[in-house]
Protein chains: 2
Amino acid sequence: MPGSAASPPDHHDHAACVSGAMARIEHLCTQKGMRLTPLRRRVMEALAQSHVPLGAYELVDRLGAAGERPPPMSVYRVLDFLVTEGLAHRIESRNAFLACGHAHDKDEVVVFLICEQCGDTREVRSHAVGRDLSWAARAEGFEPRQRVLEIAGRCARCRE
Amino acid sequence: MPGSAASPPDHHDHAACVSGAMARIEHLCTQKGMRLTPLRRRVMEALAQSHVPLGAYELVDRLGAAGERPPPMSVYRVLDFLVTEGLAHRIESRNAFLACGHAHDKDEVVVFLICEQCGDTREVRSHAVGRDLSWAARAEGFEPRQRVLEIAGRCARCRE
DNA sequence: GCATCTGATGAAACAATGTAGCAATGCCCG
DNA sequence: CGGGCATTGCTACATTGTTTCATCAGATGC
């Protein structure tokens with residue numbers, strides 16, 4: 001399933017995304033007394049440079065191309081760390097990961113819009129969706145914990 | 001990731017689910033001139049017996065235990081067929097499949113409620129969620145095509 | 001009936017994704 | 001400086017999914 005992204009979107013300044021993401025991870029590590037190791041830094045940078053979700057092995061390859069190639073296991077561990085700390089998201093329908101540039105409220109509901117043409121993936125917050133989902137779940141006596149909300153389609157730019 | 005289902009829910013008459021599912025697939029195959037082969041029948045039955053999403057290889061094992069063990073590739077092909085025809089759903093967050101007992105409207109939005117304790121997975125329809133999701137997507141200029149809406153949590157029975 | 005054509009299955013190798021277990025390393029802290 | 005702990009490296013493995021080609025069964029036309 002690789003290479004579904006025909007044209008990675010390089011239309012804006014990724015440097016801003018990367019520096020923002022690095023500022024966030026540095027701040028969070030300082031604040032919570034966690035270690036911002038070289039590998040964590042490299043993975044976070046690589047993720048933040050892409051608005052297309054990256055698979056674990058794709059990350060291994062990219063890091064390998066730019067320096068020493070880390071073992072897959074280490075990358076998975078870093079990804080677990082990033083996801084746990086809210087610095088990245090797992091995109092289930094792609095088996096891939098996406099950097100998250102902004103903090104989320106605890107029970108905030110986020111929807112991912114995944115372009116099937118260019119791969120570009122955006123987060124969208126929606127109070128309305130969150131409310132409706134909670135309502136639908138509660139109507140079934142279901143206690144929601146984690147939400148996977150991913151919509152595949154065509155992004156604005158790919159529609160011209 | 002296997003065995004997350006602690007206690008498969010066997011609280012109601014699966015025979016009804018199975019016979020309903022088989023009636024649906026028979027009707028659909030007749031209507032569209034498709035072939036309801038033995039393997040398709042076996043996979044559909046195995047799926048319909050479970051309200052816990054089953055992985056492809058788990059299906060292979062189950063079919064193997066009950067008769068001749070089909071090659072994984074064949075099971076994947078049947079699963080593709082079932083999903084394409086709307087007789088089953090793929091649960092992305094589990095890499096597994098769930099029988100679908102009822103027809104869906106073309107643009108109907110379905111949410112899956114997946115119990116993390118017993119694995120039981122239910123479909124819930126919600127017009128409100130569909131409307132809000134469409135609105136959120138359109139606000140981004142995004143044209144939605146396929147939705148993956150999966151909520152993990154605890155089902156009513158597991159909450160006592 | 002018989003050739004043929006098409007869709008479905010069988011089989012084996014492979015690719016991609018994810019984990020387990022243990023050793024080694026580096027960092028903090030007393 | 002030494003012990004404890006988090007992190008990483010490494011190897012092997014488990015799971016999930018695909019590619020490719022051969023075979024088989026059912027329909028179709030003659």
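The figures that follow rest on heavy atoms only: side chains count, while hydrogens, waters and symmetry mates do not. All chains are named by letter (A, B, ...) in the order of the sequence lines, taking the proteins before the strands, and each is independently numbered beginning at 1.
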Original post:
To the nearest Å, how far apart are A:Leu59 CG and C:dT17 C1'?
Top reply: 13 Å
**OP:** Could you say whether A:Arg90 or B:Phe81 is positioned toward the 5' end of DNA chain C, judged by the nucleotide with the nearest heavy atom to each?
**Re:** B:Phe81
Original post:
How far does CD1 of A:Ile91 sit from CZ of A:Phe112, to the nearest 0.5 angstrom?
Top reply: 4.5 Å
**OP:** Could you say whether the aromatic ring of B:Tyr57 and the base of D:dT16 stack, counting only centre distances under 5.5 Å and plane angles under 30°?
**Re:** yes
Subject >> Euclidean distance, atom CG of residue A:Leu63 to atom P of D:dT8 [Å, nearest integer] >> reply: 12 Å
Original post:
How is B:Met73 classified with respect to the nucleic acid when contacts are heavy atoms under 4.0 Å: base, sugar-phosphate, or nothing?
Top reply: base
Subject >> For atom CG of A:Leu39 and atom P of D:dT8, their distance in whole Å >> reply: 5 Å
**OP:** Find the distance B:Arg41:CZ to C:dT9:C1' and express it as a whole number of Å.
**Re:** 17 Å
Original post:
Roughly how many Å is it from CG in A:Leu54 to C1' in C:dG18, rounded to a whole number?
Top reply: 17 Å
Subject >> Carboxylate-amine/guanidinium contact B:Glu45 B:Arg41, below 4.0 Å >> reply: no
**OP:** Run through B:Arg154, B:Arg122, B:Arg125 and flag the one making a salt bridge (Lys or Arg N to Asp or Glu O under 4.0 Å) with A:Glu140.
**Re:** B:Arg122
Original post:
Just how far, in rounded Å, is C1' of D:dG9 from CZ of A:Arg42?
Top reply: 13 Å
Subject >> Residue met sooner reading DNA chain D from 5', once A:Glu68 and B:Arg35 are mapped to nucleotides >> reply: A:Glu68
**OP:** Measure the distance from CG on B:Asp80 to C1' on D:dT19 and round it to the nearest whole Å.
**Re:** 14 Å
Original post:
Taking the side chain from A:Glu150 and the backbone from A:Glu92, do they hold a donor-acceptor pair closer than 3.5 Å?
Top reply: yes
Subject >> Closest listed nucleotide, where the reference is the side chain of A:Thr37 and the choices are C:dG10, D:dT8, C:dT17 >> reply: D:dT8
Original post:
Closest to the A:Ser74 side chain: D:dG9, D:dT18, C:dT9?
Top reply: D:dG9
Original post:
Nearest of C:dG10, C:dG26, D:dG9 to any side-chain atom of B:Pro71?
Top reply: C:dG10
**OP:** Answer yes or no: does a side-chain N or O of A:Asn95 lie under 4.0 Å from OP1 or OP2 of C:dG18?
**Re:** yes
**OP:** Provide, to the nearest angstrom, the distance between the OH atom belonging to B:Tyr76 and the C1' atom belonging to C:dA13.
**Re:** 16 Å
**OP:** Measure the spacing between CG of B:Leu79 and CE of B:Met44 and express it to the nearest 0.5 Å.
**Re:** 10.0 Å
Original post:
When we call it a touch if two heavy atoms are under 4.0 Å apart, what does A:Arg77 touch: a base, just sugar-phosphate, or nothing?
Top reply: base
Original post:
With respect to the phosphate group of C:dA8, does any side-chain polar atom (N or O) of B:Arg40 fall under 4.0 Å of OP1 or OP2?
Top reply: yes
